[in-house]
Participant: 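So that we are looking at the same thing, I have put the structure below in structure tokens.
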Number of protein chains: 2
Amino acid sequence: MTVTIKDIAKVAGVSYSTVSKALNNSPLVKEITKRKILKVAAEMGYEPNLAAKQLVRKKTDVIGLMWPTIERIVLATLVTNISKAFETTSYSMILSVDAPETAMDTFKKFQVDGMIVFGESNSITVSTENIPVVIYGVSGKNESAYPIIDANHEASMQKAVQHLVELGHRRIAYIGHLDQEDALQSEKVEGYEKAMKHFKLDENITIINSNGLNWFDGYTATDIMLEQDKRPTAIIGGSYDISGGILRALQEKGVQVPEDISIVSYDNIPQMATMEVPMTCAGVPVDVLAEEIVHSIIERIESDEEIELVKKLSPTLTERESTGPPPEIL
Amino acid sequence: MTVTIKDIAKVAGVSYSTVSKALNNSPLVKEITKRKILKVAAEMGYEPNLAAKQLVRKKTDVIGLMWPTIERIVLATLVTNISKAFETTSYSMILSVDAPETAMDTFKKFQVDGMIVFGESNSITVSTENIPVVIYGVSGKNESAYPIIDANHEASMQKAVQHLVELGHRRIAYIGHLDQEDALQSEKVEGYEKAMKHFKLDENITIINSNGLNWFDGYTATDIMLEQDKRPTAIIGGSYDISGGILRALQEKGVQVPEDISIVSYDNIPQMATMEVPMTCAGVPVDVLAEEIVHSIIERIESDEEIELVKKLSPTLTERESTGPPPEIL
DNA sequence: AAAATAAATAACAACGTTGTTATTTTTATG
DNA sequence: CATAAAAATAACAACGTTGTTATTTATTTT
């Protein structure tokens, strides 16, 4: 038998409503009785019944995270960070790896107070009724019905290019997955182009399609790139995995990083520091991103005012050993 | 305002207890009233309140999955499969990527009916009270307090070696992560050794430590292996990622797979089919594994009898293009 | 057609909380 | 030291279900 507030009440010799108040640290109960009740509760191993509480409070203090594609390491890191960020709040998080519809059903069933959705807003096909939602993705052109946390790929690319330009680079290539369907990827390429133009490097724009987001895709793309006659002195990798492949390909061809070629990677996760060559990277640090997402959904739940629809975050450039001045060109 | 059974009752002109029965398809209510009530409920967009139901039923129909290390692709695939497997049951699954203690707290709070734990039984440090638990891991020597689903690494290795022996191989090497702490890894190596001895290939036992479970670890280990004078004609890779690295390293050195060297990988996931060279692999197919895990926890919840403590599954050898007869040796 | 039985529905008490209202106890006031 | 005011506690009605018991209605049986 599980112990309820009524059991505690009996033992402590008070009414159960007093127990309820004491457990919620209400100012309506005297300090000394509060302490006594808390002590009894602890001794009896009391665990509150969420269902009962939920039934009367109409609130679960639970937020659902929809995460349909679990096989990408950067997102896995983000999820871990979000989960950690929730620990300091009064909310719990539940995770669903199901298809959006199924996930939504589960969340509705659990009557979550809010939802975090990875991906574009159009991944929400079912009605969310009036459950607050925050999306992590790309704000894009067309307006979304839900607030979006945008990691600001364009600004990241700007920072990456700027860093390399300041080091003296001019021939800066971009290797990434070129996918019209994927707004995330497109924004990176466009950001790169924009930045190059901004620094008057229009004719040096070199974009290589890795045709995928995996380690090996970056590897292959780099091989192809190295065969071309005019090598760039710096490469921007479109993602953690791709940059890993780029680095490996260069190493194998005996190209020194950063002496011969510098690399900056998109994605700002701690793992960048433990790569073969610690990687300079541009992007919103994953812990900041997590904090921001968690903060946003809670604000949206608790505040009545409409929050801003698009929140573009400020990326950081973290300098490590994969970037340096370009080699002297003979 | 959400619609409750009382609202339906009013509209349908019956008592709310009749509505409850009708919605649960009870034989105590006449077919015609049942239909009427169901129709009204649908029209009003009724969604049952889980908390209320839970409060009286003392059951949540929810199972928690503890998954502390989300960054391994094989486990991610398993999670996806488990999630899918639950869809055909009356249970829902919630996922926690937190540390075991935190995860356990969350699950207790949600009053899950059961828990699935990845890893060894000693990862459960907190009391599970009387929540049914099923562990996916290694049964090992010392008895566990909880039922274990064991993917039977030893038998997998036996199958891998047998397959290669039948093809005519004798010099079969094993490349994997040698970690005393990790029972999963140790069992694979031991299984390999046992199988080699079983086929009287004691003096051909070659074990190379990849010092890690990543793609690159397999890659490096293979490089080292190729420098040795007597090459094996076949390699067993300890995991999906490691095998990927092995394959890549061989390709780069111009070693043909399977003409020059055959590879069998541990881990039986669909992704094996889409590698550079479709990979022959040994292990319990991930969908079978998922079904078994889901079935076990549900059985443990619903059946009063004690279920067997250790369930060793039967691995499958899936033959693909990475294995063939050994080259003629001059 | 009245009495006995069966079938269908209604009434109501749980379940474990919270929050509001009613009562008791304590403290301050004249 | 009675009395008013304040503080502390108790009582009780929700919340939306389920399952048990009580009541009504329909169907047999004599």
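Sequence lines set the chain letters: A, B, ... in the order given, protein chains first and strands last, and positions in each chain run from 1. When reading the values below, keep in mind they use all heavy atoms of this one structure, side chains included, and skip hydrogens, waters and symmetry mates.
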Participant: Taking atom types as modelled, find out whether A/Lys109 and B/Ser92 have a side-chain donor-acceptor pair closer than 3.5 angstrom.
Facilitator: yes

Participant: With a cut-off of less than 4.0 Å, is there a side-chain N or O of B/Ser15 near OP1 or OP2 of C/dA11?
Facilitator: no

Participant: To the nearest angstrom, how far is A/Leu55 atom CG from D/dT17 atom P?
Facilitator: 9 Å

Participant: Tell me whether the side-chain N/O atoms of B/Thr33 come closer than 4.0 Å to OP1 or OP2 in C/dT9.
Facilitator: yes

Participant: Through what angle, rounded to 10 degrees, does the axis of the helix from C/dA1-D/dT30 to C/dG30-D/dC1 turn between its ends, using five pairs per end?
Facilitator: 60°

Participant: By nearest heavy atom, map B/Val29 and A/Ser17 onto DNA chain C; which one lands nearer the 5' end?
Facilitator: B/Val29

Participant: Test B/Tyr91 against every option in B/Ile301, B/Thr60, B/Ile297 by the side-chain contact (heavy atoms from CB on, under 4.5 Å) rule and name the one that passes.
Facilitator: B/Ile301

Participant: Starting from the 5' end of DNA chain D, give me the residue, B/Tyr46 or B/Lys21, whose nearest nucleotide shows up first.
Facilitator: B/Tyr46

Participant: Please report the distance, rounded to the nearest Å, between CZ in A/Arg57 and P in C/dG19.
Facilitator: 7 Å

Participant: Check A/Met44 against A/Val3 and note the closest heavy-atom contact, atom names and distance.
Facilitator: O-CG1, 3.2 Å

Participant: Does the side chain of B/Thr18 come under 3.5 Å of the side chain of B/Ser15 through a donor N or O and an acceptor N or O?
Facilitator: yes

Participant: To the nearest 0.5 angstrom, please state how far the CG atom of A/Asp287 sits from the NZ atom of A/Lys84.
Facilitator: 9.0 Å

Participant: Where the side chain of A/Thr4 is concerned, which of C/dT17, D/dT9, D/dA11 is the nearest nucleotide?
Facilitator: C/dT17

Participant: Would you kindly give the OH-to-C1' distance between A/Tyr16 and C/dT17, to the nearest whole Å?
Facilitator: 9 Å

Participant: Using a 4.5 Å cut-off on heavy atoms from C-beta on, say whether the side chain of A/Glu87 contacts that of B/Asp98.
Facilitator: yes

Participant: Below 4.0 angstrom from OP1 or OP2 of C/dA14, is there any side-chain N or O of B/Lys58?
Facilitator: no

Participant: Among A/Leu23, A/Val40, A/Val19, A/Thr2, which one satisfies side-chain contact (heavy atoms from CB on, under 4.5 Å) with A/Tyr46?
Facilitator: A/Leu23

Participant: Please report the distance, rounded to the nearest Å, between NZ in B/Lys109 and P in C/dG16.
Facilitator: 19 Å

Participant: State which of C/dG19, D/dT9, D/dT18 makes the closest approach to the side chain of A/Thr18.
Facilitator: D/dT9

Participant: Minimum heavy-atom separation for A/Ala151 and A/Leu289, please, with both atom names.
Facilitator: CB-CD1, 4.4 Å

Participant: Could you give the CD1-to-P distance, from A/Ile5 to C/dC15, as a whole number of Å?
Facilitator: 12 Å

Participant: Could you give the NZ-to-P distance, from B/Lys6 to C/dC12, as a whole number of Å?
Facilitator: 12 Å

Participant: Atom NZ of A/Lys53 and atom C1' of D/dG16: how far apart are they, to the nearest Å?
Facilitator: 18 Å

Participant: Whole angstroms only, please: what is the CD-P distance between B/Gln54 and D/dG19?
Facilitator: 14 Å

Participant: Counting any heavy atom closer than 4.0 Å, what does B/Leu50 reach on the DNA or RNA strands: base, sugar-phosphate only, or nothing?
Facilitator: nothing

Participant: For B/Val56 and B/Lys34, take the nucleotide of DNA chain C holding the closest heavy atom to each; which residue's nucleotide lies nearer the 5' end?
Facilitator: B/Lys34

Participant: Has A/Asn49 got a side-chain N or O lying under 4.0 Å from the OP1 or OP2 atom of C/dC15?
Facilitator: no

